[in-house]
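We name chains A, B, ... by the order of the sequence lines, and we start the count at 1 in each one.
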Amino acid sequence: MRLQGNATMSVRTRFAPSPTGYLHIGGVRTALFNWLFTRRHGGQFILRIDDTDVERNRPEALRPILDGFRWLGIMWDEGPEVGGPHAPYFQSQRLPLYQEAARKLVLAGQAYPCLATKEELETERRAAELAKRPYIHRGKGRNLSPEEALQLWQEKQLPLRLKVPLGRKIVLDDLIRKRVEWETDLLGDPVILRSDGTPLYNFATVVDDIAMKITHVIRAAEHLSNTPLQILIFEALGASLPAFAHVPVVNEPGSKKKLSKRDMKKFVTPEVRAKLRALGYTDAEIDSRDDLNPATVAYYQELGYLPQALVNYLGRLGWSLDGYSEIIPLETMIAHFSFERVNDAPASFDPDKLYWMAGEYMRQLSVEEKVWGVVPYLVRAKLITEPVDEATRHKIRRIVEACGDRLKLFSDILTYGAFFFRDPEYDESAFAKRVAKQGIPELLERFISVLERTEPFAPENLETVLREFCDRENVKAADLIHAVRVSTTGITVGPGLFDILAILGREESIRRIRLALARVQTPVQTGRN
RNA sequence: GCCCCCAUCGUCUAGCGGCCUAGGACGUGGCCCUCUCAAGGCCAAGACGGGGGUUCGAGUCCCCCUGGGGGCACCA
């Protein structure tokens, strides 16, 4: 058995995102597993920014990633903005470290400058392809003495390759995959340092993991095939191996394909677009922002999902506590997280289940907490203005209470409660069906005079009064209720009608019913329906 | 093409040789409750990819096939 971490050392894990401008759902799930494992064992979780690829490196693109983690409560013990004993935590600022490590390898005869030109490499590759042979590059420089190699490397701007030992078997005892083996003969000599002196991923990763004393490398399964090379680099650098855990990838909803970072725009379905529009986004904004789609954390934050719901959902995606638990408090997750219970197979992301879970967490919140979460949505929709005065706050409190379990996301307040803050926007088909109908306007007319003297103007009493009125009129209560609902709210969905009326108050309720009645007499062209 | 990984309801999963007539959850359908929509209650449909072994006995262990995925860069 190879060394699989040292029990006496504290657990140190890391997540190394590239600054891409958004926090990807798949990535954050991997980060969460790192974090849970680390918290479980009382270690340190490190955030290291993988910005060696200058093409992808945009400094402002880091912000959304840090914000996303903070929103979820996944706090890093070392990394950007918090620092730590192994700073800097940006790979672009650690170049001398990689060069020094590379120099060490050359001196030890473990790495050599690549003498082949790009053209030669291309020819080799094509020949291998034609011969249906795997393409394995072994540079001519392999046989250089360390001194020659060093001199050549320093004189000319040559890329550096790792000298992969021949005829060896690499054995990995992965914490999730169990034993995986590779033959070194099937591995080409990889470039570890570009001709411009910048490191390649596999090299920088290992140099940093050694420097930062990482004990457990927990990463997506797509990195499994990088592992033999990295193991070789660990060895060449004379470092002991960390333990590895390759977590299965996250697949697209209902698919067997990896939830890719490319082409995320395709997740912006008409439904998603409608949701974003309801929040006030224009189509142009939706199309221009690549962080606003269901494959990113920002999207869920934007829609008002509770972060703890997303954490619970992601934690359960590929990991289970037992055969039946779904809603798992974070402390429980931390206390029980282990790789033994991580499923080997990829897991598809299921937005429906996440939505359900969001509702489960929302109902655990106090009214006051819900009010707090809902206010920004009302402000953004220009239904209220800040600062929120006490009267408005009280009204929101009552609305939130009336909405009850209907509120699964904070943004749901706009579906169920917008009409409280503005005149009804009438749903034409509902209006035709429930208000502009034989006998209904007259009935509403008479009901208004009942409302005028209803005292107290409170839910329970309103219900009694309405039902008694319907008995006298010999009409079904449901018909009047629907008519009043559509008249006062414009729509067919929402809280109980009597709660609505009580919140609106006598005057406003009556005013709105009159609004609807006027509308029956002089139909307006709305263009809808 | 080569290397590596994976395989239970549509989806997330339980299952670590007999407790399986394969359990739970999301979703779906139906019914109930009901002023609508949610929520809630009840019920239903729904899976061990195929073939060989091993064993008294296989969803569970082994092999092959098939299918899916990932990787084979001076990307990460």
Side-chain angles (χ1 to χ4, degrees), chain A residues 16-18 20 50-53 55-56 114 118 121 125 128-137 158-161 172 174 176-177 180-183 186-188 190-196 198-202 204-205 220-228 246 248-249 251 253-258 261 313 316-327 340-341 343-357 359 363 403-408 412 415-416 430 434 463 466-467 476-486 489 491-498 500:
Chain A
S18 291
T20 47
D50 205 331
D51 55 356
T52 53
D53 183 12
E55 312 248 320
R56 293 192 203 185
C114 180
K118 281 194 176 180
L121 256 24
R125 190 201 315 273
E129 214 167 287
L130 236 61
K132 300 204 179 219
R133 250 187 310 111
Y135 167 63
I136 295 161
H137 178 78
L158 293 171
L160 207 61
R161 283 185 188 269
L172 167 71
D174 191 273
I176 295 174
R177 307 280 148 164
V180 186
E181 304 181 351
W182 296 267
E183 303 290 337
L186 268 12
L187 265 25
V191 172
I192 54 175
L193 221 55
R194 295 187 182 91
S195 45
D196 67 1
T198 58
L200 262 354
Y201 168 75
N202 279 318
T205 295
E222 59 203 82
H223 287 291
L224 188 58
S225 51
N226 287 324
T227 309
H246 286 93
V249 299
N251 283 340
S255 142
K256 300 285 183 204
K257 288 229 185 309
K258 190 179 101 175
K261 289 182 187 167
Y313 176 74
R316 262 293 276 116
L317 191 62
W319 173 82
S320 63
L321 175 62
D322 49 43
Y324 49 90
S325 301
E326 299 292 345
I327 306 299
E340 274 157 47
R341 296 199 66 88
N343 206 99
D344 285 353
S348 310
F349 181 69
D350 181 359
D352 287 337
K353 188 161 181 177
L354 170 56
Y355 181 67
W356 165 77
M357 212 170 255
R363 65 200 306 173
C403 283
D405 289 342
R406 273 166 277 248
L407 233 51
K408 291 187 173 188
D412 285 337
T415 346
Y416 296 118
R434 324 247 58 151
E463 176 154 16
L466 181 139
R467 290 190 189 279
K476 281 198 297 195
D479 288 341
L480 212 216
I481 289 173
H482 285 134
V484 175
R485 173 184 291 283
V486 174
T489 72
I491 54 179
T492 60
V493 301
L497 178 70
F498 306 106
I500 292 174

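For B/C35, its base sits under 3.5 Å from the side chain of A/R485 at one donor and acceptor pair at least. Contact annotation: side chain of A/S195 to base of B/C74, donor-acceptor pair present below 3.5 Å.
Out of B/A14, B/U11, B/U36, the shortest distance to the side chain of A/S348 is found at B/U11. Of the candidate nucleotides B/G68, B/A39, B/C35, B/G68 has the atom nearest to the side chain of A/K256. Residue A/S225 has its side chain nearest to B/G71 when only B/U36, B/A76, B/G71 are considered. Checking B/C35, B/A76, B/C12 against the side-chain heavy atoms of A/S18 singles out B/A76 as nearest. Here B/A76 is the nucleotide among B/A76, B/U11, B/C35 with the atom lying nearest to any side-chain atom of A/D50.
Considering only residues two or more places apart in sequence or on other chains, A/R316 meets the side-chain hydrogen bond (donor to acceptor under 3.5 Å, both in side chains) condition with A/E326. In this structure A/K408 satisfies the salt bridge (charged side-chain N to carboxylate O under 4.0 Å, His left out) test with no other residue, sequence neighbours excluded.
Between A/R161 and B/C74 there is a side-chain polar atom (N or O) within less than 4.0 angstrom of OP1 or OP2.
Look at the C1' atom in both B/G52 and B/U66: the space between them is 14 Å, to the nearest Å. Going from the C1' atom of B/C32 to that of B/A39 covers 14 Å, rounded to whole Å.
Each of A/D322 and A/G496 was matched to the nucleotide of RNA chain B holding its nearest heavy atom; the match closer to the 5' end belongs to A/D322.
Residue A/Y201 is in base contact, counting any heavy-atom pair closer than 4.0 Å across all strands shown. Within 4.0 Å (heavy atoms only), A/R316 reaches at least one base atom of the nucleic acid.
Residues A/L187 and A/I136 approach most closely at O-CG2, 3.6 Å, considering heavy atoms.
With both pairing distances under 3.5 Å, B/C37 is matched to nothing as a Watson-Crick or G-U wobble pair.
Put simply, CD on A/E326 is 8 Å from P on B/A25, counting in whole angstrom units.
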